[in-house]
Amino acid sequence: MKIILTHEVSGLGAAGDVVDVKDGYARNYLIPRNFAIRWTKGGEKDVEQIRRARKIHEIATIEQANEIKARLEGVKVRLAVRSGDAGRLFGSVTQADVASAIKASGGPEVDKRRIELGSPIKTLGAHETSVRLHPEVAAKVNIEVVAA
C-alpha cells in the first residue's frame, strides 16, 4: 500500500515521504495513529504542505544538531511522578512528560515526537531515552524518575 507519512517514523521515513508498506502495517498501525495517510492523486498537494511544515521545524545542519546534543547530554533530568509503595507508577511516563522535564531542567526545547522511549517507563529509577535531532544525530538523555 502506498502511503504519505505525516510524522517521522523510525526506520521508514520522514514527514512528507511517500513510501510503500505492507497493507496490515498501514491499516493497523500507521493510519490509526495518524502517522500516515493513504496516498491519492489529490494527496500530492498535501505532501508539499507537509514538507514545508517539516522544513520549519527541523534542525538545519549537523553542526547545530551536535550542539543541541551536547546540551541535552549535559542536562540532569529529574521527573517527579506519583507512585505506589513497590516503586511502580500510577500510569506511565510519556514523551510529553520527558519533553517538559528536559525544558524544566534547563535543557533546550525538544519536540515530543522526536523522543524515543522504547518501552513505556512504569517504574522509579534511572532510565535512558533517545532523542532524534537529525537523521544522523541522536542524543542519549538519562532520566531519573522519582516519587512525588
Side-chain angles (χ1 to χ4, degrees), residues 1-75 77-83 88-145:
M1 173 183 287
K2 220 174 187 184
I3 58 170
I4 302 168
L5 295 176
T6 56
H7 290 74
E8 186 172 341
V9 178
S10 293
L12 193 57
D17 291 348
V18 178
V19 294
D20 201 15
V21 296
K22 297 205 179 219
D23 293 349
Y25 183 50
R27 271 197 316 268
N28 298 325
Y29 182 73
L30 295 173
I31 294 173
R33 287 172 176 78
N34 294 322
F35 290 149
I37 56 174
R38 292 182 192 268
W39 180 87
T40 60
K41 289 182 183 179
E44 289 296 322
K45 295 176 204 159
D46 294 337
V47 170
E48 196 55 43
Q49 183 179 11
I50 291 169
R51 285 185 182 152
R52 270 184 280 154
R54 182 177 78 183
K55 277 204 184 300
I56 293 170
H57 294 292
E58 76 181 5
I59 297 170
T61 64
I62 293 176
E63 293 81 23
Q64 185 181 11
N66 283 327
E67 177 183 311
I68 294 172
K69 176 183 176 181
R71 287 179 52 204
L72 273 174
E73 291 178 344
V75 172
V77 180
R78 285 179 56 105
L79 188 60
V81 294
R82 290 185 48 210
S83 66
R88 296 205 31 96
L89 304 182
F90 296 130
S92 64
V93 175
T94 64
Q95 286 120 331
D97 295 334
V98 173
S100 63
I102 290 171
K103 183 71 174 162
S105 297
E109 189 168 337
V110 177
D111 186 11
K112 68 180 181 181
R113 292 178 295 235
R114 295 190 175 275
I115 298 171
E116 295 176 337
L117 290 177
S119 60
I121 298 174
K122 295 186 177 191
T123 58
L124 296 175
H127 299 277
E128 186 175 273
T129 62
S130 176
V131 180
R132 290 183 326 269
L133 299 170
H134 192 270
E136 300 166 11
V137 179
K140 298 286 184 196
V141 178
N142 292 317
I143 300 169
E144 185 179 352
V145 181

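- The existence of a salt bridge linking Arg113 and Glu8 is excluded, since no basic side-chain nitrogen approaches an acidic carboxylate oxygen closer than 4.0 Å.
- For the ring pair (Phe, Tyr, Trp, His ring centres under 6.0 Å) condition, the pairs that include at least one residue of residues 11-30, sequence neighbours left out, are Tyr25-Tyr29, Tyr29-Phe35.
- By the 4.5 Å heavy-atom criterion applied to side chains, Lys22 and Arg27 are not counted as neighbours.
- Residues Ala65 and Leu133 share a closest heavy-atom pair of O-CD1, 3.5 Å.
- When all heavy atoms of Arg88 and Thr123 are compared, the pair lying nearest together is NH1-CG2, 4.1 Å.
- Looking at Ser83 and Leu89, their side chains come closer than 4.5 Å, going by heavy atoms from C-beta outward.
- Between Arg38 atom CZ and Leu30 atom CG the span is 11.5 Å, to the nearest 0.5 Å.
- The two residues Asn34 and His7 come nearest to each other via the heavy atoms O-ND1, 3.0 Å.
- The backbone N or O of Met1 lies less than 3.5 Å from a partner atom in the side chain of Asp23, making a donor-acceptor pair.
- Side-chain contact between Val137 and Asn66 is present, with at least one heavy-atom pair separated by less than 4.5 Å.
- Residues passing the salt bridge (charged side-chain N to carboxylate O under 4.0 Å, His left out) test with Arg78, sequence neighbours excluded: Glu144.
- No donor-acceptor pair closer than 3.5 Å links the side chain of Gln95 to the backbone N or O of Glu116.
- His127 contributes atom NE2, which lies 10.0 Å from atom CG of Leu117 (distance to the nearest 0.5 angstrom).
- In this structure, CD1 on Ile4 lies 4.5 Å from CD1 on Ile37, to the nearest 0.5 angstrom.
- Shortest non-hydrogen contact noted between Ala26 and Val21 is CB-CG2, 3.8 Å.
- Taking 4.5 Å as the limit, some side-chain heavy atom of Val98 sits within range of a side-chain heavy atom of Val93.
- Separation of atoms CD1 (Ile3) and CG (Leu12) is listed at 6.0 Å; rounding is to 0.5 Å.
- More than 12 non-hydrogen atoms from other residues, nucleotides or ligands lie less than 6.0 angstrom from CD of Glu128.
- With sequence neighbours left out, Glu63 forms a salt bridge (charged side-chain N to carboxylate O under 4.0 Å, His left out) with no residue at all.
- Contact check for Val77 versus Asn142: no side-chain heavy atoms found under the 4.5 Å cut-off.
- Put simply, CZ on Arg132 and CG on Asp111 are 9.0 Å apart, with the number rounded to the nearest 0.5 Å.
- Going from atom CD1 of Ile121 over to atom OG1 of Thr129 covers 6.5 Å, rounded to the nearest 0.5 Å.
- Shown here for Val75 and Ser105, the closest heavy-atom pair between the two residues is CG1-CB, 3.6 Å.
- Of all the heavy atoms in Val110 and Leu72, the pair that sits closest is CG2-CD2, 3.9 Å.
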